[in-house]
Amino acid sequence: MKKILITSALPYINGIKHLGNLIGSQLPADVYARYMRARGNKVLFICATDEHGTPAELAAIEKKETVEKFCEKMWNIQKNIADGFSISFDYFGRSSSQQNHELTQHFATKLWENGFIEEVNENQFFSKEDNRYLPDRYITGTCPSCGYEKARGDQCENCTKQLQPTDLIDPSSTISGSRSLEIRKTKHLYLKQSELKNKLDDWISKKDDWPILTKSIAKKWLHNKEGLKDRGITRDLSWGVKVKKNGEAWKGFENKVFYVWFDAPIAYIAATKEWSENNSNQEWKKWWITDQGADEVYYVQFMAKDNIPFHTLSFPATIFGSGENWKLVDYIKGFNWLLYEGGKFSTSEKRGIFMDVALKIFPADYWRWWLLTNAPENSDTNFTWDSFQNTINKDLADVLGNFITRVTKFSLAKFGSKIPKCNDYGVLETKTINEIELLYEKYNNFLTKIEIRKASQELRNMWVVGNEYLQKAQPWSILKKDKTKAKMIIRFSFHLINLYSLISEPFIPDSCEKIRKNFGLQKKTEWPERLEKVFDNLTDENDMHSPNILFPKITDSEKEGFKEKFSGS
RNA sequence: GGGCGAGUAGCUCAGUUGGUUAGAGCAGAGCGCUCAUAACGCUUUGGUCGCAGGUUCGAGUCCUGCCUCGCCUACCA
């Protein structure tokens, strides 16, 4: 038994996430968590909302709510949606928690003591009308380079030139449109990542097993022309973690908060602490502090590629710089983008499918299956309705669902509502078990290595074996001459169904639960080392209930309707 | 411009340290079965592995150049 800590990237609080966000972190993390639990490991699967920053404040203003209230509401919504997709978090916390405030301040204090934080004077735009400092991208003006009138303070979208907000001609606030902006001197804390560059480089260089995507992004940031840059970790906002040192206000930073990217990853630790304290224990230390047990933990992070720099560099820099015994990540699984019908998912243009809407139109397992079998592990993946329909109808309805239906209906019609007795297996059954055993081993290997697509293919291959078996065994014709043997075949088939309901659980947990319920199969168990065991463990008293269609097919007209509906504004 | 990745059957992809006739799923064709969500099973048609050179007894797999696509990053001389 191993201890495995799993975190998925924190979803930002300002809105409902789309399917790309789901497959980029929470969903594959859930597969891994479910698998590792099923294999008898001690798993802790943690996530939280990322709540601080200007976008959250603005979203709250738009909704005419206080930012606290807004975040609480959105946290609930995001939590419910995650539940809707059966994401098996052990704890879903919030970056705004008391624990995160304290830990963030603690890290800042340690970094300061160790000389990895410095105070830097900067000029920044202040909008009188909005009564706030404006982040670069919230300033609009004319691009000095190409004359485009709606260039943002960080970049001109027209000519792609990188800009400083002070470069803009006739700048205005994106929030209010106000032109009464002034440049104010303000002081910020910088994390001296550059001084930790070699340490980070050494650390990453040793990670031979990391995916190319993860390592190449990290290496690029370390070795580009300017090297690893120091980064500002404070902002002039009110919503966030107050800048404190040793628990007291940090002189000169009384009205500032830490920048989200600094406090967000710390929230992995803080959320674990929340979880722990809710249970009135100190378990969290065993997961996060190396000399208190965490050195035995295998820690895996899941995220989309845009988050990789923070997890390979910034957060480790925070941990290294603290000089304390915090657990570092052991493996980072990064994902590419999910595209929608060849283009990008777009919140503003309402293009693509969002998590709340997805749950309203199809069961979670449909989405899980398609997304996981097509996980953007090696390159961007394109979601199309045609592919979705085809994959679901073929894999879930025809291969798995129909196998279950044909066994069930036959058994009900010929033998009644009890699963027939008779474990007197013959050559064909042994052969079938052996065949699945081979696939099962591959499946386990892929899941261990977090190769989601490949694992899903092996799972499907195991489902196919069920249909092949029935075709060869032909219980419908055997029944005419040897009723006992027909019973044996059907019982064996039920054992296959039982097996599928166990091992498919990381991918389609809701359906697996439904299957077990419908057939009165035994409670969920750990996965066996050897499969023979599973083919022996149905009791004689299992009833089957409503043989409803488990996976209704997606019709052409449904598909066409959704294509139209989600094509964007 | 630089960095990274990808270009393999109609489509989506897999191809481990270079080794005998290049694989899977879907789609197509034929046959079989009738328990089943017209589902399933078996057989089968598709590939000069982006292009051109090179290394090697032998390259989809290594090297060089080029072309196309995607992502990241920078516009410095």
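Bear in mind that the values here come from a model prediction, so they are computed numbers and not experimental data.
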**Q** Measuring only the C1' atom in each nucleotide, how far is B:C33 from B:G15? A whole number of Å is fine.
**A**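 Here B:C33 and B:G15 have their C1' atoms 35 Å from each other.
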**Q** What nucleic acid atoms does A:Phe551 come within less than 4.0 Å of, heavy atoms only: base, sugar-phosphate, or nothing?
**A**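 Base contact - A:Phe551 has a heavy atom under 4.0 Å of at least one base atom.
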**Q** Could you please name the option among B:C40, B:U37, B:A36 that lies closest to any side-chain atom of A:Asn402?
**A**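 For A:Asn402, the side-chain atoms sit closest to B:A36.
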**Q** Which dot-bracket notation, 5' to 3', represents the base pairing of RNA chain B when pairs are defined as Watson-Crick or G-U with both distances under 3.5 Å, crossing pairs as [ ], and inter-strand pairs as |?
**A** (((((((..((((.....[...)))).(((((.......))))).....(((((..]....))))))))))))....
**Q** From CG of A:Asn382 over to P of B:C71, roughly how many Å is that when rounded to an integer?
**A**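 Between P of B:C71 and CG of A:Asn382: 13 Å.
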**Q** Which is more 5' along RNA chain B, the nucleotide nearest A:Trp476 or the one nearest A:Thr381? Just name the residue.
**A**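 Result: A:Thr381.
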**Q** With salt bridge (Lys or Arg N to Asp or Glu O under 4.0 Å) as the test, would you mind laying out the steps for A:Arg516 and A:Glu513 before giving the verdict?
**A** CA-CA 5 Å; A:Arg516 285 191 288 272; A:Glu513 200 187 322; 6.0 Å; no
**Q** Strictly below 4.0 Å: does A:Asn378 bring a side-chain N or O up to OP1 or OP2 of B:A14?
**A**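 For B:A14, OP1/OP2 do have a side-chain N/O of A:Asn378 under 4.0 Å.
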**Q** Kindly point out which of B:U37, B:C35, B:C42 is positioned nearest to the side chain of A:Glu468?
**A**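 Closest nucleotide to the A:Glu468 side chain: B:C42.
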**Q** In terms of the angle between their ring planes, are A:Trp210 and A:Trp203 parallel, tilted or perpendicular, with boundaries placed at 30° and 60°?
**A**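 Plane angle over 60°, so perpendicular.
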**Q** Using a heavy-atom cut-off of 4.0 Å across all strands, would you classify A:Asn467 as base, sugar-phosphate, or nothing?
**A**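 If one applies the 4.0 Å heavy-atom cut-off, A:Asn467 turns out to touch the sugar-phosphate alone, with no base involved.
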**Q** Just how far, in rounded Å, is C1' of B:G25 from CG of A:Asn393?
**A**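 After rounding, the reported distance stands at 15 Å.
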**Q** May I have the list of side-chain donor-acceptor pairs in residues 470-479 of chain A shorter than 3.5 Å, sequence neighbours left out?
**A**
{"unit_1": "A:Gln474", "atom_1": "OE1", "unit_2": "A:Ser477", "atom_2": "OG", "d": "3.3"}
{"unit_1": "A:Ser477", "atom_1": "OG", "unit_2": "A:Gln474", "atom_2": "O", "d": "3.2"}

**Q** Looking only at atom P, what distance separates B:C62 and B:C31, rounded to whole Å?
**A**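 That atom pair is separated by 44 Å.
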**Q** Measure from the side chain of A:Arg453, starting at C-beta and using heavy atoms only, and say which of B:C13, B:G41, B:C71 lies closest.
**A**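 The answer is B:C13, which lies nearest to the side chain.
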**Q** Less than 4.0 angstrom between a side-chain N/O of A:Lys394 and OP1 or OP2 of B:C40, yes or no?
**A**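 For B:C40, OP1/OP2 do have a side-chain N/O of A:Lys394 under 4.0 Å.
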**Q** Let me know which of A:Phe388, A:Phe85, A:Phe507 forms a ring-ring contact (aromatic ring centres under 6.0 Å, His included) with A:Trp367.
**A**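 The option that passes is A:Phe388.
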**Q** Return the nearest nucleotide to the side chain of A:Thr405; candidates are B:A36, B:C71, B:C40.
**A**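 Of the options given, the side chain of A:Thr405 lies nearest B:A36.
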**Q** Rounded to the nearest Å, what distance is computed from the CG atom of residue A:Asp306 to the C1' atom of nucleotide B:U73?
**A**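 Taking atom C1' of B:U73 as the reference, CG of A:Asp306 is at 15 Å.
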**Q** Please report the distance separating the C1' of B:U8 from the corresponding atom of B:G46, rounded so that it comes out in whole Å.
**A**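 B:U8 and B:G46 have their C1' atoms separated by 13 Å.
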**Q** Give me the distance, rounded to whole Å, that separates B:A77 from B:A9 when you measure between the C1' atoms they each carry.
**A**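 Comparing C1' positions in B:A77 and B:A9 gives a spacing of 48 Å.
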**Q** Nearest to the side chain of A:Arg460 - B:G25, B:G32, B:U37?
**A**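 Output: B:G25.
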**Q** May I ask you to verify if any side-chain N or O of A:Lys454 is less than 4.0 angstrom from the OP1 or OP2 atom of B:G15?
**A**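 Indeed, a polar side-chain atom of A:Lys454 lies that close.
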**Q** Let me know the distance between CZ of A:Arg491 and P of B:C35, rounded to the nearest Å.
**A**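 Spelled out: CZ on A:Arg491 to P on B:C35 is 23 Å.
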**Q** Could you state the CD-C1' distance from A:Gln457 to B:C26, rounded to the nearest angstrom?
**A**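 Rounding to the nearest Å, CD of A:Gln457 and C1' of B:C26 are 12 Å apart.
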**Q** Hey, do the aromatic rings of A:Trp337 and A:Phe335 have their centres closer than 6.0 Å?
**A**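 Centroid distance A:Trp337-A:Phe335: not below 6.0 Å, so no.
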**Q** If you measure from the P atom in B:G23 to the same atom in B:U48, how many Å do you get, rounded?
**A**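 B:G23 and B:U48 have their P atoms separated by 15 Å.
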**Q** For A:Phe345 together with A:Tyr340, are the ring centres under 6.0 Å from each other?
**A**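 Between A:Phe345 and A:Tyr340, which both carry aromatic rings, the centre distance is below 6.0 Å.
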**Q** I'd like to know if the side chain of A:His311 pairs up with that of A:Tyr268 as donor and acceptor (distance under 3.5 Å, no hydrogens or angles considered).
**A**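 Side chains of A:His311 and A:Tyr268: pair found under 3.5 Å.
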**Q** Would you say B:A38 has OP1 or OP2 under 4.0 Å from some side-chain N or O of A:Arg406?
**A**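 Checking B:A38 against A:Arg406, no side-chain N or O comes under 4.0 Å of OP1 or OP2.
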**Q** Which part of the nucleic acid does A:Val399 contact within heavy-atom distance under 4.0 Å: base, sugar-phosphate only, or nothing?
**A**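 Since no nucleic acid heavy atom lies under 4.0 Å of A:Val399, the category is nothing.
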**Q** Can you tell me if A:Lys305 has over 12 outside heavy atoms packed within less than 6.0 Å of its NZ?
**A**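 More than 12 within 6.0 Å, yes.
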**Q** Quantified in whole Å, what is the C1' atom distance between nucleotide B:C11 and nucleotide B:C35?
**A**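 Result for the C1' pair: 33 Å, nearest Å.
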**Q** Roughly how many Å is it from CD1 in A:Ile452 to P in B:A14, rounded to a whole number?
**A**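 Taking CD1 of A:Ile452 and P of B:A14, I get 15 Å after rounding.
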**Q** If you measure from the P atom in B:G30 to the same atom in B:U45, how many Å do you get, rounded?
**A**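 The answer is 15 Å between these two P atoms.
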**Q** CE/A:Met488 to CD/A:Glu429 distance, rounded to the nearest 0.5 angstrom?
**A**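 Answer rounded to 0.5 Å: 3.5 Å.
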**Q** Suppose you measure atom C1' in B:U16 against the same atom in B:U55; what distance do you get, rounded to whole Å?
**A**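 That atom pair is separated by 22 Å.
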**Q** Indicate, with yes or no, if the rings of A:Phe354 and A:Phe566 have centres closer together than 6.0 Å.
**A**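 No, ring centres 6.0 Å or more apart.
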**Q** Tell me: CD1 of A:Ile404 to P of B:C35, nearest whole Å?
**A**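 It works out to 20 Å between those atoms.
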**Q** Is B:G46 in the syn range, within 90° of 0, or in the anti range?
**A**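 Nucleotide B:G46 adopts syn.
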**Q** Could you state the atom-to-atom distance from CD1 of A:Ile497 to P of B:C35 in whole Å?
**A**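 Nearest whole value for this atom pair: 17 Å.
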**Q** Between A:Asn374 and A:Lys414, which is nearer to the 5' end of RNA chain B once each is assigned its nearest nucleotide?
**A**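 First, find each residue's nearest nucleotide; the 5'-ward one identifies A:Asn374.
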**Q** So, is A:Lys553 close to the B:A39 phosphate, meaning a side-chain N or O under 4.0 Å from OP1 or OP2?
**A**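 So the side-chain polar atoms of A:Lys553 do come within 4.0 Å of the phosphate oxygens OP1 or OP2 of B:A39, strictly under.
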